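In what follows, chains carry the letters A, B, and so on, assigned in the order in which the sequence lines appear, proteins first and then strands, with residues in each chain numbered from 1. Bear in mind the structure is a predicted one, so any value in this text is a computation, not a measurement.
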Amino acid sequence: MIEETEFLAPGHRMCAGCGVALSARIAVNTAGKDTIVVSPTGCMEVTTTQYPETAWRVPFLHVAFENAASAASGIDSALKMLGKRENKNILVFAGDGGTFDIGLQALSGMFERGHKVTFICNDNEAYMNTGIQRCSATPYGAWTTTSPPGKYSIGESKPKKPIARIAAAHCIPYVATATIAYVADYQKKLKKALAVDGPSFIHVLAPCPSGWRFASDELIEVSRLAVQTGVFVLWEVENGEMENLKITKKIPQRKPVEEYLKTQGRFKHLFKPVLRKDVIGQIQAEIDKKFERFGL
Amino acid sequence: MKISIGARVEEAGSSIKYKTGGWRSYRPVVNKDKCTKCWLCYKYCPDAAIEKGKDCAVIDYDYCKGCGVCAKECKFEAIEMVPEVK
Ligand SMILES: Cc1ncc(C[n+]2csc(CCOP(=O)(O)OP(=O)(O)O)c2C)c(N)n1
Ligand code: SF4
Ligand code: SF4
Ligand SMILES: [Mg+2]
C-alpha cells in the first residue's frame, strides 16, 4: 500500500539511495496534485518513465535535453490562453547538465519572459545518466570519467558555476538553494517559489551514490556535511536583491572541508597515495572566501 | 509493441507493476519496540517504500531497494539492515 500523497510512485529505476529521487519525491509531494511536471533528459526522466510505464501520478512531459524551460513556458502560455492557468503548479525537474550547460539558454529566456514556472535543478554535479561525465556543475578536484586524476591532473580543473547567482541576476521573484537533508527548509522554499507570480528557481544539491562513490546509506549524511562544511550554502533571495540575501541555515561552527571530501570516492585521490594538502587547502580557501563575501 | 501517439502513457503511477524489491541485498527490519513513530525514515526514503503504520514504520518490501538510508538516519536505532538470504 502506498500513501495517496505519493505523486512519484515506487517501482522507478533510480539507483538505491539516489538523492535526485528523494528531491523529486519531496518536491512533487509538497507541490501536490495540481502540478504539471516537465523534465529534460537525465537520470530522473529515463528511470521514472520507462515506456510503457510511468512513475508519475501527475501529468508529466518529457522534452529534449536542452529545452525543458521552453516547454514549461509553452505550458504556462497555453493554459493562460485557455483560461485554465489558475491554481496549477508548473514544476521543472532538470539535472545540472540540463540546467548549467545545455538548458541555460532556454532557462534564461523563460526567466526573461517572466513565465510562472518553478524550475528545480537537481544537481548531482555531473552528467550521470550517460556515465558520470564532468560538466560546469562538477566541483574542483572531483574525479569523473572525463576528468580523471593522474600525474598531470587533480581531477576536475574548473570551479563550479554559480548557477543560483546567475538565476538571481535575472532579477526573478524568487531564487533559493536547498538540499535533501534539510527537508523542512526545502519545502518552505518550494512553497514560496510556487506562490510567486513569475519565475522561480531552486538549486538543489542532490548527492548521487553511484557517481560520487559513496555507500547508499550515506546519502543524507553527505548532503548534511555539504552544508555543515560550507561547500553548499542554504540561502534565498527575492527579486534579485543580492544585498538582501538571506541565509536560511546558519552554520556557526563550520567543519573543515576534508570531512565532506573524504566521504566520497570521487575525491579519494586527494588523500591517497599522497595527501594533497595543496588542493584541499585551495578548496578550503575558496569556501572561506565565499563566507567572507557573504559576510558570515 | 504498438506505440501510442506521442508515446503517451495513460496509466498514472504504473511503475508499481515493476517490483524493485528484488534489487535488495540487505533488508531493513523495524523493531516495533524501538520505533517512536517520528517518521524520519518515511521522510528520507527515496523510494516511498515506508508506510506510517499503526504501531511503527512499515517497510514495503515489494519496492524497498535496501539502500539503508532509513536505518542510518533513525535516531532510535529502530531499523536494522540484515543480509537477504535465499
Ligand atoms: C542534445 C543531447 N545531447 C546529449 C544527450 C545525451 N544525454 C542524455 S542525458 C545526459 C546527461 C544528463 O545530465 P544531467 O542533466 O546532469 O542529469 P543527470 O542524469 O545527471 O541527473 C546526456 C548527455 C541528449 N539526450 N541530448
Ligand atoms: S546515477 Fe546517481 S543520479 Fe542517477 S539514478 Fe543513480 S544515484 Fe540517482
Ligand atoms: S532501505 Fe532505503 S528503500 Fe528501503 S525502506 Fe529504507 S530508505 Fe526506503
Ligand atoms: Mg547531473
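Contact detail for A:Val183 and B:Tyr44: the closest heavy-atom pair is CG2-CE2, 3.6 Å. Nearest heavy atom pair, residue B:Phe76 against residue B:Cys38, reads CE1-SG, 4.0 Å. Taking both residues in full, the closest heavy atoms of A:His115 and A:Ser77 are given as CE1-OG, 3.2 Å, listed atom of the first, atom of the second, then distance. Across B:Ala12 and A:Arg57, no two heavy atoms sit closer than the pair CB-CA, 3.9 Å. Of all heavy-atom pairs between A:Tyr186 and A:Ile202, the closest is CE1-CG2, 4.5 Å. In terms of heavy-atom proximity, B:Lys37 sits nearest to B:Lys54 at NZ-O, 2.6 Å.
Heavy-atom distances place no part of B:Lys19 under 4.5 Å from chain A, backbone and side chain included. Neither the backbone nor the side chain of B:Arg24 has a heavy atom closer than 4.5 Å to any heavy atom of chain A. Using a 4.5 Å cut-off between heavy atoms, B:Ala49 makes no contact with chain A at all. Neither the backbone nor the side chain of A:Leu61 comes within less than 4.5 Å of any heavy atom of chain B. Only the side chain of B:Glu73 comes within contact range of chain A, with heavy atoms under 4.5 Å apart. Heavy-atom distances place the side chain of B:Met1, and not its backbone, under 4.5 Å from chain A. For B:Lys65, the parts lying near chain A are the backbone and the side chain together; criterion is any non-hydrogen pair under 4.5 Å.
A salt bridge links A:Glu236 with A:Lys192: the closest approach of a Lys/Arg side-chain nitrogen to an acidic carboxylate oxygen falls below 4.0 angstrom.
Using cut-offs of 30° and 60° on the angle between ring planes, the pair A:Phe267 and A:Tyr260 is tilted.
Ranked by heavy-atom pairs under 4.5 Å with chain B, the first of A:Ala24, A:Ala21, A:Pro52, A:Ala215 is A:Pro52. Here A:Glu53 is the residue among A:Met14, A:His62, A:Glu53, A:Gln50 with the most heavy-atom pairs under 4.5 Å with chain B. Chain A forms more heavy-atom pairs under 4.5 Å with one residue of B:Ile3, B:Thr20, B:Val9 than with any other, namely B:Val9. Note: B:Cys45 leads B:Ala71, B:Gly68, B:Cys45 in heavy-atom pairs under 4.5 Å with chain A.
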